[in-house]
**Student:** 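Below is the structure I would like to discuss, written out as structure tokens.
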Amino acid sequence: MPERGASDTFGARLAEALAGPPPGAPTREVWSVLGAAGLTAEVYDRRAAAWQVRPGRLAACLAALDARGATGVTLGCCVQLATVVP
């Protein structure tokens with residue numbers, strides 16, 4: 001069964017990590033915070049033969065980035081999260 005949403009733990013850790021960078025922080029800083037917290041790797045299911053995106057976690061991550069209000073940061077992370085990282 002596909003994952004429907006992000007786990008409560010993932011969502012809480014995501015919120016905590018994104019509380020660190022100040023509003024207006026550049027994409028590089030926000031991306032670094034997500035990586036340091038291990039959240040970028042957790043967007044993927046590593047049990048599959050090829051890492052596959054976990055749609056619920058990807059959606060949670062993008063929604064949390066979007067809620068920060070910086071469209072450029074959201075778009076800057078979107079491509080890496082959905083296609084490049086694996």
Side-chain angles (χ1 to χ4, degrees):
M1 181 177 352
E3 184 181 52
R4 290 186 197 160
S7 70
D8 290 338
T9 302
F10 179 82
R13 289 179 41 239
L14 179 61
E16 182 180 339
L18 289 177
T27 303
R28 178 180 67 245
E29 183 177 345
V30 174
W31 184 251
S32 179
V33 166
L34 293 175
L39 295 164
T40 53
E42 290 183 35
V43 169
Y44 299 93
D45 182 354
R46 293 178 273 180
R47 296 170 295 174
W51 286 22
Q52 296 177 344
V53 172
R54 293 173 145 174
R57 289 187 178 190
L58 175 61
C61 204
L62 293 176
L65 288 165
D66 189 48
R68 290 178 51 88
T71 304
V73 172
T74 303
L75 294 174
C77 293
C78 180
V79 172
Q80 291 90 330
L81 281 168
T83 61
V84 178
V85 172

**Student:** Go through it in stages, so that I can follow the logic: the residues are Val73 and Trp31, the test is side-chain contact (heavy atoms from CB on, under 4.5 Å), and I'd like the CA-CA distance, side-chain angles, deciding distance and then a yes or no.
**Tutor:** CA-CA 9 Å; Val73 172; Trp31 184 251; over 6 Å; no
**Student:** Taking Arg68 for its side chain and Pro22 for its backbone only, find out whether a donor-acceptor pair lies under 3.5 Å.
**Tutor:**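 Side chain of Arg68 to backbone of Pro22: a pair is present.
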**Student:** Please report the closest heavy-atom contact between Ala17 and Pro21, naming both atoms and the distance.
**Tutor:**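 For Ala17 versus Pro21, the nearest heavy atoms are O-CD, 3.2 Å.
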**Student:** Against Thr74, only a single residue in Asp66, Thr27, Val30 fulfils side chain to side chain contact (heavy atoms under 4.5 Å, CB included); can you say which?
**Tutor:**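 Per the side chain to side chain contact (heavy atoms under 4.5 Å, CB included) rule, the option paired with Thr74 is Asp66, out of Asp66, Thr27, Val30.
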**Student:** How far apart are the closest heavy atoms of Leu14 and Cys61, and which atoms are they?
**Tutor:**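 Looking at all heavy atoms of both residues, the closest pair is CD2-CA, 3.6 Å.
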**Student:** Which value, rounded to the nearest 0.5 Å, describes the distance between Thr40 atom OG1 and Arg57 atom CZ?
**Tutor:**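 Here the rounded value is 12.0 Å.
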**Student:** Got more than 12 heavy atoms from elsewhere within 6.0 Å of CD, Glu29?
**Tutor:**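 Atom CD in Glu29 is crowded, with more than 12 foreign heavy atoms closer than 6.0 Å.
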**Student:** Return the minimal non-hydrogen interatomic distance between Ala64 and Leu18, and the atom names on each side.
**Tutor:**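 Scanning both residues, the minimum pair turns out to be CB-CD1, 3.5 Å.
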**Student:** Quick one: does any side-chain atom of Arg46 pair with a main-chain N or O of Gln52 as donor and acceptor, under 3.5 Å?
**Tutor:**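 Looks like no, no N/O pair under 3.5 Å.
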**Student:** Donor-acceptor pair, Arg13 side chain versus Leu39 backbone, under 3.5 Å?
**Tutor:**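 No.
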**Student:** Less than 4.5 Å apart, any side-chain heavy atom of Val43 and any of Arg54?
**Tutor:**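 Contact flag for Val43/Arg54 side chains = no.
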**Student:** Which heavy atom of Glu42 sits nearest a heavy atom of Phe10, and at what distance?
**Tutor:**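 It is OE1-CD1, 3.6 Å.
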